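Just so we're clear, the structure is a prediction, and the values are computed from it rather than from any experiment.
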Amino acid sequence: MTNLQPVRGTHDLLFDDLRRHRLIEATAFDLAARYGFVEIATPIFEFTDVFARTLGDTSDIVTKEMYTFETKGGESITLRPEGTAGVARAFISGGLAQMTPLKLFYRGPMFRHERPQKGRQRQFQQIGVELLGVASPQGDVEVIALAEHILKDLRLTGVTTLEINSLGDTESRAAYRDALVQFLGARKTALSEESRERLARNPLRILDSKDPGDQAAVKDAPAFTDFLNMASQDFFKTVQDGLAALGIGFKVNPALVRGLDYYCHTAFEFTTEALGAQGTVLAGGRYDGLIQQMGGPPTPGVGWAAGVERLAMLLPELTPAHRPIAVIPISDDEVTAAQSLTHTLRRAGLAADLGYGGNMGKRMKRADKINAIVAVILGADEVREHAVTVRNLDTGDQVKVPEADLVRHLAAYR
RNA sequence: GCGGGUGUAGCUCAGUUGGUUAGAGCAUCUGGUUGUGGUCCAGAGGGUCGCGGGUUCGAGUCCCGUCACUCGCCCCA
């Protein structure tokens with residue numbers, strides 16, 4: 001081992017950072033269950049093709065951000081850069097088409113080899129849902145409603161905004177793409193170098209470029225909404241009406257384009273101003289062609305994923321952790337009795353802490369440091385009387401309690 | 001992958017035009033206090049000054065390289 005630094009873009013989680021993660025995951029899991037979603041855990045690696053084929057050959061994720069390696073058997077394996085492709089693969093290989101509509105929730109680490117910065121790491125946690133086998137816009141509304149519900153319970157609706165757009169069906173999308181390429185092709189000189197590249201590869205992305213020149217050029221470009229065919233327009237309108245009916249606020253953003261190839265119809269993002277360049281906190285959309293494209297039965301799908309680290313950075317102050325009871329033997333003579341007492345309290349469902357050494361003063365200090373709510377003190381007198389001294393560490397009030405009454409007495413401190 | 005900024009104690013940071021034993025606050029530990037914590041007082045431990053090379057009588061300080069972090073671009077959760 002030549003150095004002890006963590007691998008670039010990876011982080012250890014503990015204490016409040018990890019509590020934030022767990023709170024987010026638990027909130028999302030519980031609410032997803034309320035909406036009828038069950039958890040799926042897919043492997044964190046797949047054959048490289050699973051991602052290469054589904055995400056699109058032009059996406060940056062595939063072209064430069066995948067952690068890919070070869071096994072001893074010569075197979076190409078990739079650490080999952082996102083969740084949907086793996087779930088889609090599981091849907092197909094597990095024969096889950098029998099069970100549609102299928103509502104799946106997942107959580108776990110994702111891996112992308114890109115330059116780390118605020119809100120962006122090489123290993124990061126995502127939570128997400130996929131609703132498979134539902135073609136109706138009712139599905140889009142449901143998954144967005146779940147997303148909003150999670151953010152609301154996490155008290156994040158104040159710092160996030162929901163933006164939605166429609167990418168239309170395949171036909172609408174192709175027509176728009178042609179029109180956009182034609183329009184921007186004629187103004188090539190006004191575009192940034194990167195956008196000139198994108199014109200051939202991924203022209204829709206020019207719409208949300210941050211380059212001022214690009215933004216000016218795009219200003220008078222044809223609007224996506226004008227190219228939506230009737231079916232796509234109806235679909236989009238139904239989604240908007242559905243959200244409005246649930247009282248979910250949103251903003252239509254015609255420039256909203258998702259990066260991955262498999263999206264169609266609804267695209268949405270919850271964004272924030274609070275995270276610098278990484279404004280997207282939860283994003284998703286509809287992917288009706290994906291499963292079939294991967295070789296499965298034609299199956300519509302809609303879902304989203306959220307970055308747990310980004311949500312964690314937005315989270316308000318955590319409520320203090322549960323306060324334990326400190327058991328304090330006055331001398332070494334009472335340590336065994338104290339350990340037994342601690343065990344009894346724990347068996348009774350109370351969080352009890354027994355330090356590992358030191359005189360009474362030190363043990364009291366430790367009790368204070370771990371934010372104990374009460375100290376249960378055990379000395380020679382107490383042992384003789386089959387009692388303990390209970391000290392309220394906030395008020396300093398102290399009372400002697402018979403051992404038999406202790407658990408009942410401590411219930412007041414829970 | 002590209003551009004900017006920053007690296008000094010566990011944390012937050014001082015450190016003068018290059019000058020001899022590198023400091024502070026917080027945190028930790030010990031003692032004041034062997035039946036009572038927080039507050040207070042006294043003391044202690046803790047540093048390859050990110051790493052490597054160079055300039056110099058002398059480098060935390062200047063130069064080059066490198067690594068890491070960070071902000072932005074690209075892209076994305």
Side-chain angles (χ1 to χ4, degrees), chain A residues 2-11 24 55 58-65 81-84 107-128 147 160 192-195 197-198 201-202 205-206 208-211 214 257-260 269-272 275-284 303-314 326 328-334 355 358-383 388-398 400:
Chain A
T2 52
N3 69 60
L4 288 176
Q5 284 172 334
V7 174
R8 184 174 211 184
T10 66
H11 294 279
I24 290 162
L55 300 177
T58 59
S59 74
D60 273 30
I61 290 181
V62 170
T63 54
K64 57 183 198 194
E65 293 175 2
E82 57 98 47
T84 302
R107 54 180 147 188
M110 305 293 166
F111 305 84
R112 291 182 199 173
H113 189 107
E114 54 189 340
R115 186 77 170 261
Q117 55 179 278
K118 186 177 186 180
R120 172 187 302 168
Q121 299 166 234
R122 289 184 170 182
Q123 175 176 341
F124 59 104
Q125 301 289 322
Q126 281 193 342
I127 52 176
T160 54
S192 67
E193 197 176 325
E194 279 146 357
S195 285
E197 286 274 317
R198 284 192 277 233
R201 258 185 346 133
N202 199 352
R205 289 229 63 106
I206 301 174
D208 63 356
S209 168
K210 288 175 190 168
D211 182 273
D214 289 349
V257 179
R258 311 289 353 272
L260 309 180
E269 288 185 355
F270 285 85
T271 59
T272 180
L275 293 182
Q278 275 63 244
T280 304
V281 121
L282 183 155
W304 51 255
V308 177
E309 284 81 1
R310 292 184 184 179
L311 291 171
M313 284 190 287
L314 294 177
I328 298 181
I330 283 171
S331 76
D332 287 350
D333 293 340
E334 293 86 31
N359 58 27
M360 184 183 190
K362 287 218 194 328
R363 288 175 180 275
M364 287 296 286
K365 273 189 180 155
R366 175 183 162 82
D368 201 58
K369 196 159 55 185
I370 63 174
N371 195 30
I373 190 166
V374 67
V376 172
I377 300 164
L378 200 54
D381 297 348
E382 284 85 352
V383 169
V388 294
T389 298
V390 174
R391 181 182 178 87
N392 181 321
L393 290 172
D394 290 338
T395 64
D397 295 341
Q398 205 162 291
K400 204 170 265 185

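- Listed for the A:Arg122 side chain is a donor-acceptor partner under 3.5 Å among the backbone atoms of A:Glu114.
- For the atom pair NZ of A:Lys400 and CD1 of A:Ile377, the computed distance is 10.5 Å after rounding to the nearest 0.5 Å.
- Here A:Glu82 contributes atom CD and A:Arg112 contributes atom CZ; the two are 7.0 Å apart, rounded to the nearest 0.5 Å.
- Comparing B:U61 with B:G54, their P atoms are spaced 14 Å from each other, to the whole Å.
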**Fill in**
Heavy-atom contacts, protein to nucleotides 30-42 of chain B, under 4.0 Å, summarised as B (base), S (sugar-phosphate only) or - (none) per nt, yield SS---BBBB----

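- Nucleotides B:G53 and B:C67 are separated by 14 Å at their C1' atoms, to the nearest Å.
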What's touching nucleotides 66-70 of chain B from the protein side, N or O pairs under 3.5 Å?
{"residue": "B:C69", "atom": "OP2", "partner": "A:Arg8", "partner atom": "NE", "Å": "3.1"}

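- Separating the CG atom in A:Asp381 from the CD atom in A:Glu334 is a distance of 9.0 Å, to the nearest 0.5 Å.
- The CD1 atom of A:Ile127 sits 5.0 Å away from the CH2 atom of A:Trp304 when rounded to the nearest 0.5 Å.
- A distance of about 31 Å separates the C1' atoms of B:U56 and B:C69, rounded to the whole Å.
- RNA chain B contains the following stems of three or more consecutive Watson-Crick or G-U pairs, with both distances under 3.5 Å: B:1-7 with B:67-73, B:10-13 with B:23-26, B:28-32 with B:40-44, B:50-54 with B:62-66.
- B:G25 and B:A14 have their C1' atoms separated by 10 Å, given to the nearest Å.
- In this structure, CD of A:Glu114 is placed 13 Å from C1' of B:C73, rounded to the nearest angstrom.
- Checked by atom type and distance alone, the side chain of A:Asp214 pairs as donor or acceptor with a backbone atom of A:Ser192 at under 3.5 Å.
- Spacing between atom CD of A:Glu65 and atom P of B:G1 amounts to 12 Å, rounded to whole angstrom units.
- Between B:G60 and B:C49, the distance separating the two C1' atoms is 5 Å to the nearest Å.
- Taken from OG1 in A:Thr272 to CG in A:Leu311, the straight-line distance is 10.0 Å, to the nearest 0.5 Å.
- Minimum interatomic distance between A:Arg391 and A:Val374 (heavy atoms only, all atoms of both residues): O-CG2, 3.1 Å.
- At a threshold of 4.5 Å between non-hydrogen side-chain atoms, the residues A:Glu65 and A:Arg115 do not count as touching.
- Within the 4.0 angstrom heavy-atom criterion, base atoms lie near A:Gln121.
- Across all strands, A:Ala367 comes closer than 4.0 Å to no nucleic acid atom at all (heavy-atom distances).
- A distance of 8.5 Å separates CG in A:Leu393 from CD1 in A:Ile373, rounded to the nearest 0.5 Å.
- A:Glu309 contributes a side-chain N or O that, together with a main-chain N or O of A:Gln125, makes up a donor-acceptor pair within less than 3.5 Å.
- The C1' atoms of B:A59 and B:U8 are separated by 14 Å, rounded to the nearest whole Å.
- On the C1' atoms, B:G58 is 31 Å away from B:U12, given to the nearest whole Å.
- Counting heavy atoms from C-beta on, the side chains of A:Arg310 and A:Thr280 come closer than 4.5 Å.
- The base of B:A77 is not paired with the side chain of A:Arg120 by any donor and acceptor separated by under 3.5 Å.
- As a whole-Å value, the separation of A:Arg112 CZ from B:C74 C1' is 14 Å.
- Using a 4.0 Å heavy-atom cutoff across all strands shown, A:Gly128 reaches no nucleic acid atom at all.
- Between B:U16 and B:G72, the two P atoms lie 31 Å apart (nearest whole Å).
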